[in-house]
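Below, chains carry the letters A, B, ... as their sequence lines are ordered, and counting in each starts from 1. It should be emphasised that the depicted structure is a prediction, and the values quoted were computed from it without experimental measurement.
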Protein chains: 2
Amino acid sequence: MANGGGDDGDCAQRDDAARAAWLYYVGGMRQDRIAEEMGISRQRAQRLVARAAQDGLIRVRIDHPIGACLDLERQLIRRFGLKLARVAPSLGGQGDSIKALTPVAAAELERLFATKEPQIIGLGTGRTLRAVVENMQSVDGRHHKVVSLIGNVAPDGSASFYEVVMRFADRTGAAHFPMSVPVMARDAEELSLYRSLPHVRSSRELAQTAGKVIVGIGQMEDDAPLFVDGFITAEELASLRAAGAAGEICGHVYDADGRYLDHGINRLMVGVRVPESSDATICIAGGDKKIKALRAALKGGLVASLITDELSAQALLSS
Amino acid sequence: MANGGGDDGDCAQRDDAARAAWLYYVGGMRQDRIAEEMGISRQRAQRLVARAAQDGLIRVRIDHPIGACLDLERQLIRRFGLKLARVAPSLGGQGDSIKALTPVAAAELERLFATKEPQIIGLGTGRTLRAVVENMQSVDGRHHKVVSLIGNVAPDGSASFYEVVMRFADRTGAAHFPMSVPVMARDAEELSLYRSLPHVRSSRELAQTAGKVIVGIGQMEDDAPLFVDGFITAEELASLRAAGAAGEICGHVYDADGRYLDHGINRLMVGVRVPESSDATICIAGGDKKIKALRAALKGGLVASLITDELSAQALLSS
DNA sequence: TCATCAACTGGGCTTTTGCTCAATCGCGCT
DNA sequence: AGCGCGATTGAGCAAAAGCCCAGTTGATGA
């Protein structure tokens, strides 16, 4: 009985890992017991368990909103007039904000996605969003549509590494509408060219009707993602900052009051601009560097809901 | 930063446990690192983590349906014409069936419950169901209704230990309709008395309209739950067996072909009888002893969906 | 067919975790 | 205020998990 036996060579490994992990985590067995059970060596059992964890087969959730975080959520909602706030416990002093908020955000997205009635969901890009989507469980969302709010082609012509629509669709089976054009046009002419492309037009239209919009936030420090990823030059970054740039959502740059700048860069973004004071916008962001950008976005009502981590929430509230 | 600080004395402990568990499981930190982070001793950190696990704050899920189990699911569906089958990997040789299927069933119920449109869910009772419900996460189900299919008063007048409607409602905030009368009437007169009680009538009516019905299964061996829990005498059990009893759902006893017996006992059950060949009935059961009862129920089309464990699935299929 | 290589195996050692026990602390009761 | 009790703490030790290494196996390509 121990092992299923005649599996297909390739998948069997993964299966074994899952089974070992199941015995370990759910069954609460010791590794040598598992080894015995499955007819393998202790080391192999250990490796399987480790591998399952490694491969992200294991999903741990804490079923208890830590009081302090609940408190922060309430404060955020009141202070910034949010529709919803979710605060993940931080992972200590210098712990990674993204790592902390990722599981919480992933759970929230799963919840969002678990509805039966079809939804249209707009998605931004970025490291944070990507990490979150990677952490989602596979839920069945074949009846939903996910549409990219922003081009997915980097300046060098490569597909953006932080594109999430595809990954999202992978996990959920949702119909997906990437926006396969550059993030930014080089001039007004190119912009109208891109925008006139049928698939871009339909993606943009779909995005406008999205019932939920999920975005990250970009900061404007020296390592602003727009700059680091090569979308804008150092000079353009400086110019944006001179114009009062505080942060950026889907490439659209806004000032410290959360008002979109009237700046050349902003006029060349091919994607859609997240509307001010829409109920639909959910922002997932955290970390020291993004506080300024986040605060501005909140002030301007650019986002309706916020998922962040404890330290960031504290920073946002302490001022 | 370390600790939230001014919490209410009582809850702080639980919070700390959750936080330590968060750092440990989500943050992947070592216990001494956590101790440092939270400004406590290593042992305390260890204890907090252990306690969180103990208290069931930790919910581990394996995000990978083991191939062998998927296979069994397909076979079950085909063989018994089921609507859905879910098979949990067994926890080794003599491992507890309930323990194995509990997390899988809990996840399934959560999924079921995550719909936005209001549902009416009928619930049976029993050890298995209780364990499953205990393992559910708290999901928001305030718009749903849960109704008991069966009385919740034991023969000695105490409320049944295995009543699950309340617990279910606890976790979800759903409106709940327990059936606060004995499971069984002593005679026909008492039966019609109970059934005429307004709250029983409304519960029974509600139960009839339930869109989902979740039940366990009772076996008819010498330690049949109906007998062990004192609902029927040894003589009655013997008489039922003589009449061909193979198993029981919500107290209603059926034979090896899954047809309800025409027996005195069956006529005295106050609760509702799960209809044959309804699409709504989901059965959660597993374990050696229940195989016979399960097979009969499947044969008679008493249940439309089945959640069980690997060993039980194999046993059901091998005959 | 044989050499090469990479992935996998199991042994042994280190680190981490879990557990027990005696001491301490705090709290309520007299 | 003093006493007693239970809960909590930290030390030390045993068990478990994790890691590195050298050996092996199986696959690939010449």
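Contact check on R171(B) versus D140(B) returns no salt bridge, with no Lys/Arg side-chain nitrogen under 4.0 Å from an Asp/Glu carboxylate oxygen. Under 4.0 Å is where a charged nitrogen must lie from a carboxylate oxygen, and between R86(A) and D309(A) no such pair does. A salt bridge does not link K289(A) with E221(A): every distance from a Lys NZ or Arg NE/NH1/NH2 to an Asp or Glu carboxylate oxygen is 4.0 Å or more. For R167(B) and D170(B), the salt-bridge test fails: no basic side-chain N is under 4.0 Å from an acidic carboxylate O.
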Throw together a table of side-chain donor-acceptor distances under 3.5 angstrom for residues 22-30 of chain B, partners on residues two or more places apart or in other chains.
unit_1	atom_1	unit_2	atom_2	d
W22(B)	NE1	P89(A)	O	2.8

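The distance from the CZ atom of R61(A) to the CG atom of L57(B) is 14.0 Å, given to the nearest 0.5 Å.
A distance-only check finds a donor-acceptor pair linking the side chain of S97(B) to the backbone of G287(B) [under 3.5 Å].
Using five terminal pairs a side, the axes of the helix from dT1(C)-dA30(D) to dT30(C)-dA1(D) at its two ends make an angle of 30°, given in steps of 10 degrees.
What separates CZ of R51(A) from C1' of dA17(D) is a distance of 19 Å, to the nearest Å.
Considering every non-hydrogen atom in both A88(B) and A100(B), the closest pair reads CB-O, 3.4 Å.
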query: With the sugar-phosphate defined as primed atoms, P, OP1 and OP2, and the base as all remaining atoms, what B/S/- string results for nucleotides 9-27 of chain C, 5' to 3', for protein heavy atoms under 4.0 Å?
result: BBB----SBB---------

